Amino acid sequence: MRAYLQQLVYRIKGSYWFIPSLMVIAAFVLSQGAIWVDRAIGNEWTKEFWFTSMNQPDGARAFLATVAGSMITVAGVTFSLTILAVSHATSHFGPRLLDNFMRDRGNQVTLGTFVATFLYCLLVLRVIRGNWESTAMGVSMDAFVPQFALIIAMVLTIASVGELIYFIHHVPDSIHISTVLQRLARDMTAKFDELYPETLGDPLEAESKQPEPEFDFRHQVPATRSGYLQGVDDTELLAFARSNATTVRLLRRPGDFIRENEVIAEVAAMDDWCDDHADQVRHGVAIGSIRTPTQDVFFVLNRFVEVATRALSPGVNDPFTAMQCIDWLSVGLVKLAERKIPSSHRTDCDGNVRIITTDVTHADFVESMLAQLVPYVKQDRNVTRYCVSSLQKVTTISQNKPLNQLINDQIEHLQQ
């Protein structure tokens with residue numbers, strides 16, 4: 001179940017409406033708090049500060065109405081520009097990069113600032129009442145102009161203008177290929193730092209020099225739906241395996257496409273095995289309609305390859321973008337050379353093997369990062385030479401002999 005919750009949180013945080021929604025809620029709370037302060041302290045305090053003045057009801061209404069109207073108009077323009085930028089970027093770099101642009105915090109904060117300012121002004125506007133009448137006590141008792149709330153509205157307006165200036169710079173910068181690839185590289189590095197299946201329980205200690213234990217896997221767990229394996233919930237599976245003194249072997253890894261009734265896991269022999277146990281194992285894996293990078297580093301690597309292959313297509317013919325992709329993929333290979341591949345045997349706190357995952361090897365990474373790209377690279381001589389040079393530099397830096405051998409195989413393939 002936690003795997004599904006993780007995917008839900010990932011989708012919510014990545015949704016275009018997530019940050020704007022939080023900012024709208026904050027605007028509502030801020031407006032009510034400011035109005036309460038105005039009712040509590042009155043307007044006399046404005047005379048003590050040079051930057052404040054007593055706003056008349058008509059002027060306050062006009063100010064808030066102008067700001068509210070302007071903000072909702074600019075919010076519409078902002079949304080239109082964002083969609084235009086996303087459309088341009090995905091058509092050039094690939095549709096699977098859509099998620100990256102929709103998760104862009106700059107775009108979300110910009111839209112949220114305008115919508116929140118609009119809502120704040122409306123909520124303050126509705127409480128202004130009465131006309132300005134000069135009396136011995138100043139303002140008529142029937143009038144109410146929230147001076148403190150108006151100052152906050154002015155601050156929000158100035159902040160919105162600054163946000164608009166930032167947005168005008170941010171949109172073209174966000175769709176620049178260098179920025180796109182840098183973000184992908186940041187995601188790649190993060191995924192290498194928490195490489196699957198390292199987050200599942202603890203690794204079987206190799207220092208013990210003991211042979212890996214053998215298990216009698218008798219019970220198969222088929223999938224009840226089709227889709228991509230998005231994540232594995234170690235808490236759910238470890239709890240099931242430990243409570244039943246058994247071991248679960250996963251036959252698929254995050255990113256694999258699962259078909260209905262396809263066997264996704266096997267469970268070691270249990271005397272009381274039943275359908276409820278199979279359901280508990282299914283609850284430990286999340287299957288959805290799309291791939292996500294939560295536990296799937298290959299998804300991020302495929303994005304690099306997708307951008308590079310589109311750049312090398314005859315319709316685009318942009319070898320320099322492909323070269324940039326190769327640069328960042330070489331950075332990933334250097335990072336991978338320094339990284340120990342996690343053990344597929346995962347243990348509980350007592351050291352008992354409870355989960356066995358599919359093996360993730362250096363060959364899998366080289367296949368995803370290089371082998372899929374090599375046929376397209378070979379079509380352009382300049383890119384071929386650049387790729388060979390980059391990979392040779394990786395083997396010079398890397399001290400990982402098995403990985404270097406795999407890279408050299410790809411270099412030979414390129415030079416054929």
Side-chain angles (χ1 to χ4, degrees), residues 7-28 30 66-123 153 155-188 190 288-294 299-300 302-304 306-308 310-311 316 318 321 324-325 328:
Q7 296 303 319
L8 179 62
V9 170
Y10 172 81
R11 296 302 302 278
I12 290 177
K13 287 186 175 181
S15 300
Y16 192 65
W17 51 264
F18 177 66
I19 295 296
S21 298
L22 292 181
M23 297 182 71
V24 165
I25 295 173
F28 175 82
L30 180 61
T66 300
V67 173
S70 301
M71 288 302 107
I72 199 63
T73 302
V74 175
V77 174
T78 299
F79 181 76
S80 300
L81 288 176
T82 301
I83 297 302
L84 180 62
V86 168
S87 175
H88 167 81
T90 53
S91 64
H92 282 73
F93 309 138
R96 272 153 291 279
L97 290 176
L98 174 64
D99 187 54
N100 281 36
F101 292 101
M102 298 306 291
R103 294 173 67 88
D104 187 275
R105 287 289 183 261
N107 296 338
Q108 294 179 7
V109 170
T110 299
L111 180 63
T113 300
F114 296 144
V115 175
T117 303
F118 164 76
L119 179 64
Y120 177 89
C121 291
L122 282 186
L123 293 174
V155 172
L156 290 176
T157 303
I158 296 173
S160 298
V161 173
E163 190 68 29
L164 178 61
I165 296 172
Y166 160 78
F167 180 74
I168 294 173
H169 163 77
H170 177 71
V171 168
D173 180 67
S174 65
I175 62 177
H176 193 280
I177 185 59
S178 297
T179 304
V180 173
L181 295 180
Q182 186 178 27
R183 290 177 179 173
L184 288 179
R186 186 163 55 244
D187 293 341
M188 176 180 63
S289 59
I290 63 174
R291 292 178 66 180
T292 65
T294 306
F299 179 57
V300 180
N302 290 158
R303 287 178 170 179
F304 275 112
E306 179 180 6
V307 174
R310 290 175 72 92
V316 178
D318 182 11
T321 293
Q324 285 186 277
C325 292
W328 287 112

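All figures in this text were calculated on a predicted structure; none of them were measured in a lab.
- Between the CG atom in Leu123 and the CG atom in Leu30 there is a gap of 10.0 Å [rounded to 0.5 Å].
- A pairwise comparison of heavy atoms in Ala116 and Ala27 identifies O-CB, 3.4 Å as the closest pair.
- The neighbour count for Tyr166 OH, taken as heavy atoms of other residues, nucleotides or ligands under 6.0 Å away, is above 12.
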Check: salt bridge (Lys or Arg N to Asp or Glu O under 4.0 Å) between Asp104 and Arg183: does it pass, once the steps are laid out?
Finding: CA-CA 10 Å; Asp104 187 275; Arg183 290 177 179 173; 2.7 Å; yes
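- Atoms CZ and CG, from Phe28 and Leu122 in turn, are 12.5 Å apart once rounded to the nearest 0.5 Å.
- Contact between Val307 and Ile177 at its shortest, heavy atoms only, is CG1-CD1, 4.0 Å.
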Check: Hey, mind stepping through Thr292 and Phe299 against side-chain contact (heavy atoms from CB on, under 4.5 Å) and telling me if it holds?
Finding: CA-CA 7 Å; Thr292 65; Phe299 179 57; 5.7 Å; no
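- Of all non-hydrogen atoms in Val180 and Ser174, the two that sit nearest each other are CG2-O, 3.6 Å.
- Taken to the nearest 0.5 Å, the CZ atom of Arg303 stands 7.0 Å off from the CG atom of Asp187.
- Judged purely by atom type and a 3.5 angstrom limit, Thr113 has no side-chain atom pairing as donor or acceptor with the backbone of Ser160.
- The nearest pair of heavy atoms linking Thr110 to Thr78 is CG2-CG2, 3.7 Å.
- Closest heavy-atom contact between Phe114 and Met71: O-CB, 3.5 Å.
- Atom OG1 of Thr82 and atom CD of Gln108 lie 10.0 Å apart (nearest 0.5 Å).
- Atom CH2 of Trp328 sits about 5.5 Å away from atom CD of Gln182, to the nearest 0.5 Å.
- Expressed to the nearest 0.5 Å, how far CG of Asp173 lies from CZ of Phe167 amounts to 12.0 Å.
- Side-chain N or O atoms of Thr73 include one that pairs as donor or acceptor with a backbone N or O of Gly69 at under 3.5 Å.
- What you find for Leu111 and Ala75 is that their closest heavy atoms are CD1-O, 3.8 Å.
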